[in-house]
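Computed from a predicted model, the values in this text were never measured in an experiment. Note on naming: letters A, B, ... go to the chains in the order of the sequence lines (proteins, then strands), and numbering restarts at 1 for each one.
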Amino acid sequence: MSQTADRPDVEQTAGGAADGAVPPHRYTPALAQQIELAWQDRWEREGTFHTPNPTGRLSEGFDEVADRPKFFVMDMFPYPSGTGLHVGHPLGYLGTDATSRFRRMDGDNVLHPMGYDAFGLPAEQYAVQTGQHPRTTTEANIAAIRGQLRRLGVDHDERRTFATIDPGYYRWTQWIFLKIFGSWFDADAGRARPIAELVAELDAGTREPAPGTNETGRPWPELDDVERRRVVDAHRLAYLHQAPVNWCPGLGTVLSNEEVTPDGRSERGNFPVFRRPLTQWMMRITAYAERLLADLDRLDWSDSVKQMQRNWIGRSTGARIGFSVGVAGRADDAADQTIEVFTTRPDTLFGATYVVLAPEHPLVDALTAGSWPSGVDPRWTGGEATPREAVTAYQRQASRRSELDRQNENREKTGVWLGVTAVNPVNGRELPVFVADYVLTGYGTGAIMAVPGEDTRDWDFAEAFGLPVVRTVQPPADFAGGAWTGAGPVINSANDDISLNGLDRATAIATVTEWLVRHGSGEATTTYKLRDWLFSRQRYWGEPFPVVYDEHDLPVAVPESMLPVLLPDVDDYSPKTFADDDAESAPEPPLSRVTDWTTVELDLGEGPKKYRRETNTMPNWAGSCWYYLRYIDPDDDRRMVDPDNERYWLGPREPGDVGGVDLYVGGMEHAVLHLLYARFWHKVLFDLGYVSSEEPFRRLVNQGYISAYAYTDERGFYVPAAEVEERDGRFFFQGRPVNREYGKIGKSLKNMVTPDEMIGAYGADTFRVYEMSTGPLEQSRPWETKAVVGSQRLLQRIWRVVVDESSGVARAADVEPDEDTLRALHRTIAGVRDGMATLRFNIAVARITELTNHLTSAYGADRPVPRSVAEPLVLMVAPLAPHIAEELWSRLGHSRSLAWHPFPVADERWLVEDTVQVAVQVNGKVRAQVTVPADADAAALEAAARADEKVAGHLAGRTVRRVVAVPGRLVNFVVG
RNA sequence: GCCCCCGUAGCCCAACCGGCAGAGGCAGGCCCCUUAAAAGGGUCCGAGUGUGGGUUCGAACCCCACCGGGGGCACCA
């Protein structure tokens with residue numbers, strides 16, 4: 001992230017204190033710096049924030065906290081990229097820090113760790129730009145951000161810190177890969193199982209290879225060893241697959257679907273992306289689609305993130321329907337093939353008038369006819385002499401078409417006819433079969449039945465190609481034309497056997513599906529938009545795969561005892577990149593050039609043999625998929641995670657609970673990728689018995705963004721926001737008027753504000769209080785530098801309540817507080833607790849401000865504040881502004897840190913009033929206030945209200961139809 | 001086009017389960033302190049909840065429609 005973790009600039013502010021006008025012991029920025037640095041040293045020296053595990057090497061001191069509830073809170077760890085940290089970044093870190101400190105004081109055993117996500121493209125690109133090894137730059141960036149976090153005063157247990165690039169960490173990333181590689185998804189059991197169990201069942205004859213996994217078509221007992229390995233490999237959760245991938249020549253690597261923007265460019269770097277077939281590692285996340293979807297309901301996450309994951313998984317139900325091809329007597333070579341289509345609208349089957357295959361559909365070649373029949377519609381041929389030429393030309397054109405064209409909204413539908421027809425199973429109608437790129441390879445079966453009457457895309461295609469339309473849903477009388485996708489009774493849908501006519505959609509779907517099943521022509525099915533996860537990258541800066549290839553070019557797992565497979569040091573770590581638009585180029589991973597590494601002699605049980613290493617590396621997401629588990633003990637070199645410690649920190653709290661991290665805070669931008677991948681890995685680890693929790697993150701909170709004003713001059717260029725002056729509501733830069741805009745903080749808008757500047761000017765505590773006071777954690781908010789002074793003033797007042805500004809000594813008195821003060825104190829405690837518990841730190845700050853203001857006016861300079869009020873005030877400030885709180889606590893005579901001191905508890909006695917004011921409404925309008933005993937019942941309330949003369953005036957001469965009296969709240973007279 | 005979230009004072013934000021719209025901060029006014037300014041302290045000032053309907057004794061809160069802002073998905077059959 002940033003390299004600007006400067007020591008605070010004490011000089012800048014120290015000058016003012018020499019001026020005599022300021023009392024010598026005022027809480028100035030200079031004093032804040034001193035206090036903060038001193039306490040940060042002491043926390044580190046004393047290991048104040050060390051959290052014990054139940055067992056293992058980090059278990060020292062666990063006995064003292066064994067009876068506490070556990071609380072695991074963490075942030076999405078930073079990616080230290082070297083491009084500067086701004087005030088938006090710490091928002092979440094401070095939220096978890098305040099929560100962590102509060103929960104610790106309130107009696108929890110709190111785990112609050114931090115680590116660094118450091119493999120991946122940005123670090124590599126930064127290194128290439130600066131001509132340094134990625135490890136050098138990455139480690140420098142980590143050191144910088146580590147210093148910055150320390151300067152903010154966060155309470156991470158630094159013994160649990162690690163980076164994903166540490167060999168001691170990625171060893172276990174590779175280990176998890178081996179576990180995934182070493183398992184398969186048993187669809188009947190709905191979970192992953194070790195691959196050895198599959199082999200055992202195949203050998204025993206109790207299981208057949210899954211459909212599509214046995215290319216030979218021969219039974220398992222007849223296969224030789226290599227053929228058997230191919231069958232087994234095709235079952236694995238991590239598998240090699242040749243498929244069209246997103247090849248990005250500009251980056252020299254392939255990208256996952258998730259890393260490609262909707263306009264067909266790379267999310268990183270904005271280079272064009274092309275589809276081309278390559279053999280790559282895939283992760284079978286689709287096997288978990290149903291569980292990933294269903295378990296969302298068991299998570300305490302925001303609706304929007306859940307919704308985004310639901311959309312991404314994209315479950316839809318419908319039917320698979322077989323259309324047979326190769327009608328007798330037709331001059332084509334497509335004998336006895338069946339096209340499987342997927343549809344969510346089997347109720348419209350009678351309206352299908354043609355069939356479409358995706359250009360990459362495997363049946364296209366086999367189905368293409370030798371010649372056009374006479375009289376073929378010229379629109380159907382693509383201008384070619386034969387179907388084969390037309391199809392080949394179309395496929396080439398489609399593969400070249402960048403995704404940029406594809407997303408063009410109103411692009412005309414294109415396609416060509418294969419020269420064959422397929423038979424609609426429900427009415428025997430012969431439908432022409434087209435290939436067209438509006439049908440996607442990866443979704444459903446890659447083939448559709450086209451129903452132009454009820455689908456706008458099919459309608460558009462039918463219009464362009466002159467295809468017929470059969471309506472099967474009755475549109476409303478005033479319908480203008482085109483495809484009708486709304487509801488309506490079914491029409492034109494009957495054969496000798498069934499009729500759907502008059503049925504509603506749901507009934508029609510059930511009826512026709514049942515008919516299809518009975519006739520062996522289809523079945524009800526569910527599909528997902530989610531695709532398997534492309535897991536290979538042709539980059540240097542990533543985890544090497546723990547995989548080698550043997551003489552059959554089949555993958556072999558590197559034994560666990562040989563982990564980690566270290567990333568070799570190389571001179572040239574940049575990938576071979578190509579011209580942005582060179583779609584024909586092929587990936588060339590940097591590791592493939594390290595020839596003394598790529599070839600290796602190993603004894604994997606068959607004696608020493610030469611093997612070829614996998615030269616791809618894992619994607620950036622791998623390291624962040626499981627880092628929360630490693631915080632439990634990053635130095636455990638025997639296990640990924642100790643099961644007892646995992647059960648303690650992450651296990652289910654009660655039967656049926658998903659378990660996981662108790663509070664996970666991070667940006668909305670990871671709503672799909674990181675969170676979905678991590679959930680997937682966690683579920684695999686759960687299935688294999690390595691973790692006791694079903695989900696990684698029980699509760700997720702997305703912190704808001706911080707935006708700031710930006711300013712443009714008359715040419716539209718951004719000017720430095722910090723130098724813009726406001727006069728009479730208008731804005732000027734160097735005397736010239738500028739326009740005010742609003743946007744995310746950053747370099748490009750020239751509106752960057754760094755925490756270092758703020759800490760330099762006010763100290764970390766002021767910065768912390770400011771960020772926490774601007775709203776609930778989830779709320780996005782504007783940054784306003786000039787408002788920071790308000791938080792500074794609050795801390796100064798708190799300081800003055802406790803410390804004499806001229807002598808620097810605590811001025812708390814051992815006297816009894818008055819009742820007003822006690823009420824104020826306990827109301828504050830209740831409010832602060834509420835704010836802390838609900839991550840509405842602004843509420844906590846507001847309550848503390850009220851109490852401080854009360855104390856300031858109730859106890860002047862000559863009347864010290866009672867100790868029994870000053871101390872709880874200091875304790876309540878501690879989670880938000882820990883340094884000043886520690887300092888005040890210490891000046892109040894305590895030698896130990898307050899970090900483990902119990903948080904104040906409100907006394908109910910001072911929360912309830914003897915009497916309460918309730919509003920009296922007449923027809924819902926507030927007309928008077930009456931004071932009644934706090935426990936007055938409805939009748940007493942009504943009596944008191946009627947006795948009020950203003951109320952009597954409103955009621956005089958009118959009929960009271962009804963009286964609503966809510967004890968403690970109000971009385972409402974409903975009059976006629 | 002579809003889906004999700006959000007509209008309260010000049011600005012940022014509160015308001016428990018539907019029960020008196022205001023806690024806090026910024027900005028602004030006035031006063032004190034000061035030779036003056038800054039810093040500091042004190043005090044004052046504020047809207048009726050985007051719009052229109054509905055439910056209710058009672059709506060910022062629940063329902064419907066619309067407007068505005070933010071985000072996601074998008075030829076997904």
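- Ionic pairing of A/Asp458 and A/Arg345 is not present here: no N-O contact between side-chain nitrogen and carboxylate oxygen is shorter than 4.0 angstrom.
- With a cut-off of 3.5 Å on both Watson-Crick or G-U wobble distances, the partner of B/C16 is given as none.
- Across all strands shown, B/G1 is found opposite B/C73 as a Watson-Crick or G-U wobble partner, with both distances under 3.5 Å.
- When both pairing distances are held under 3.5 Å, B/A60 makes no Watson-Crick or G-U pair with any nucleotide shown.
- In this structure, B/U51 and B/A65 make a Watson-Crick or G-U wobble pair, each of the two defining distances being under 3.5 angstrom.
- Using a 3.5 Å distance cut-off with no hydrogens or angles, the side chains of A/Asn853 and A/Arg797 do pair a donor with an acceptor.
- Both A/Gln796 and A/Val305 sit near RNA chain B, but only A/Val305 has its closest nucleotide nearer the 5' end.
- When the nucleotides B/A14, B/G24, B/C73 are ranked by their closest atom to the side chain of A/Trp312, B/C73 comes out on top.
- The six-membered or imidazole ring of A/Phe434 lies near that of A/Phe465, with a centre-to-centre distance under 6.0 Å.
- Contact annotation: side chain of A/Lys529 to base of B/C73, donor-acceptor pair absent below 3.5 Å.
- Residue A/Ile843 places its side chain closer to B/A14 than to any other of B/A14, B/G40, B/A77.
- For A/Asn311 and B/C3, the CG to P distance is 10 Å, given to the nearest whole Å.
- Within the 4.0 Å cut-off from OP1 or OP2 of B/A39, not a single side-chain nitrogen or oxygen of A/Thr28 is found.
- For A/Tyr859 and B/G42, the OH to C1' distance is 19 Å, given to the nearest whole Å.
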